Amino acid sequence: MRWTRSLIPTLRDDPADAEAISHKLMVRAGLVRQLAAGIYVYLPLGLRVIEKVNAIIRQEMNRIGGQEIEMPVLHPAEIWQQSGRWDVIGGEMFRLKDRNGRDMCLGMTHEEVIAWLAAREIRSYRDLPQIWYQIQTKERDEARPRSGVLRTREFLMKDSYTLDLDAAALEVSYNAHKDAYCRIFDRCGITYVVVQSDPGMMGGSGSHEFMAPSAAGEDDVALCDGCGYAANVELARGVPSASPASAAGKEEVATPGARTIPEVSAQLKIDPAATIKSLVFMGPDGPVLALVRGDHALHERKLARALKAEPRPAHPEEIKQHLGVAPGSVGPVGVRGARIIADESLRRGVYVVGANRDGFHLTGVTPGQDFPCEWADLQVALAGEGCPNCGKPLRIERVIEVGNIFKLGTTYSVPLGASYLDERGQQQPIVMGSYGIGPARIAAAAVEQRHDQDGIVWPWAIAPFHVHLVPVAVKDAAQMAAAEETYRELRAAGFDVLMDDREERAGVKFKDADLLGIPIRVTIGNALAKEGVVELRQRGTRADRRVPKAEVVAAVREMAQTIS
Ligand code: ATP
Ligand code: MG
């Protein structure tokens, strides 16, 4: 590709609203432009990156027996009503009506369409297993579209689905996907960890996420360097430090004006870990009092798992109405009219809790003894807590979710009637799995993980081009002739080459080359006339090499071997 005939609108300055490095650099390098909140145009270079990612995904999906199909973006409401998700999913789903007033929606994911298809096309056990996949547009009205292409409202997803006879066969399909995903992320040149995750709204019996460490991520994972334990903090359970012993007897103490845990522990001169945080939520059957230790944080997804429904924080008026007190004074002793769920760590210890009377707290309270409660894991795992498997300290890392895999089981096949006849002629539900990857997130994660102060440093496999060819003086006929020849030779050797044939100062071209982050720069300048050499520079290491012009292809090939 020649720069002068291309749309590569590089920018000197960061876009005003960008925080994530990948957002800044992908806009500045002319890869993408934002049309509206969370809606992006991919420019030629951006699309080249995505297409390279997609090609790797296709190869690895085909390798495990995946068959590519393409499903529609526009869905009839009926299939979503049959699965039950029409009512469960809230504002994230784009809904619309057709001209006849029929309910429709834009596909956020395709489990329903797959189950619909399987219900029609799969008859017998002989038709199984199947792996169907697509690389196609998803529409989601995300609550907080942000961070450039990391979280958008329209995005490309590779989604695949497995259809199997039973749970054991699903295990095989699931593991094949897990291996394929590792190969995909390895080949794309990103660093990642595989963690256990919460299946959430997908339903089903097990899932893993593929997480690329980066400050721009929106997830946290707990990792153990001792035994390899790895889980999303939505699921991770650390072994908390012991609760401090409390000598105080059971009594009501005045805590005037103290509403928060820090205020209460400061007034009473106690460790926050010797208090209980009482949080009120509205659950499926009314108010829920959720309890965690004062120094811990509650994870709403963990509470949702315990309740088997999405809770929401109660409004102050609701707290007043159901518990008769202001939020800062709520405590579990003597509560009626709310379900009480306490974090497992409160099984041991004696605590200070809200007294359900404004301006007072109760000391010497033993959970389970001084008030009845259900027990659940509610607490956000903290760095330094013990690994649940081996006890070594956990590490918490911020990550970008680049892919995930779910064992769905029969959650979709049963309501949509996707079944097969087994060897004895009995009808059985098809056992499904579902697997997603976001190509844009792979690209953005690569930028997050590999850049320097001057720009992007693309992994070889997904770089928009392999070689950035820079003739320094395009008016110099000899230089330009050498550049044209090099351009031809490199392309003939199989390299993707961008030639910067602009009439710009060398400094401008080099700056843009650094910003674009193409792995190898080949510069043809004055040294050609003087010494017959051209310069090779590796973007990542900035290692330079001067080679006779005739050897440039061999030298690029050699340098390419050292780049991953
Ligand atoms: P998240 O928790 O980040 O919202 P998700 O669990 O909703 O992700 P899935 O529905 O499982 O994600 O989608 C599969 C993959 O699609 C994700 O692993 C991610 O790579 C990508 N993806 C999901 N939502 C978005 C989005 N809004 N923008 C870009 N890529 C996305
Ligand atoms: Mg999501």
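First listed ligand is number 1; within each ligand, the first listed atom is number 1. Since the structure is predicted, the reported quantities are computational estimates derived from the model, not experimental observations.
Residue contacts with ligand 1: R441 is placed with a nitrogen or oxygen under 3.5 Å of a nitrogen or oxygen of the ligand (distance criterion only). Every N/O-N/O distance between V149 and ligand 1 stays at or above 3.5 Å.
At a 4.0 Å cut-off, at least one heavy atom of V402 sits close enough to ligand 1 to count as contact. In this structure, A440 has no heavy atom closer than 4.0 Å to ligand 1. Residue contact check for ligand 1: D159 places no non-hydrogen atom closer than 4.0 Å to it.
Contact annotation for D219 and ligand 1: no heavy atom of the residue comes within less than 4.0 Å of the ligand. With a heavy-atom cut-off of 4.0 Å, E142 touches ligand 1 through its side chain alone. Heavy atoms of K138 found under 4.0 angstrom from ligand 1: none, in either backbone or side chain. Contacts between R151 and ligand 1, counted as non-hydrogen atom pairs separated by less than 4.0 Å, involve both the backbone and the side chain.
Between R153 and E142 there is no salt bridge, since no side-chain N of the basic residue sits under 4.0 Å from a carboxylate O of the acidic one.
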Apply side-chain contact (heavy atoms from CB on, under 4.5 Å) to the pair H23 and S147, showing each step before the final yes or no. CA-CA 6 Å; H23 186 185; S147 310; 5.5 Å; no
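D186 meets the side chain to side chain donor-acceptor pair (under 3.5 Å) test with Y192; sequence neighbours excluded.
Taking the centre of each ring, F210 and F185 come in below the 6.0 Å mark. Remark: aromatic rings of Y420 and Y125 are distant, center separation not under 6.0 Å.
The side chain to side chain contact (heavy atoms under 4.5 Å, CB included) test with Y42 singles out one residue from V149, L156, L31, and that residue is V149.
Close approach of ligand 1 to G403 is summarised as follows: ligand atoms under 4.0 Å from at least one heavy atom of the residue are 18 (O).
Side-chain contact, H110 with Q134: a donor N or O sits under 3.5 Å from an acceptor N or O.
Within a 6.0 Å radius of CZ in R144, other residues, nucleotides and ligands contribute 12 heavy atoms or fewer.
In this structure, of I442, N232, D198, N404, the residue bringing a heavy atom nearest to atom 11 (O) of ligand 1 is N404.
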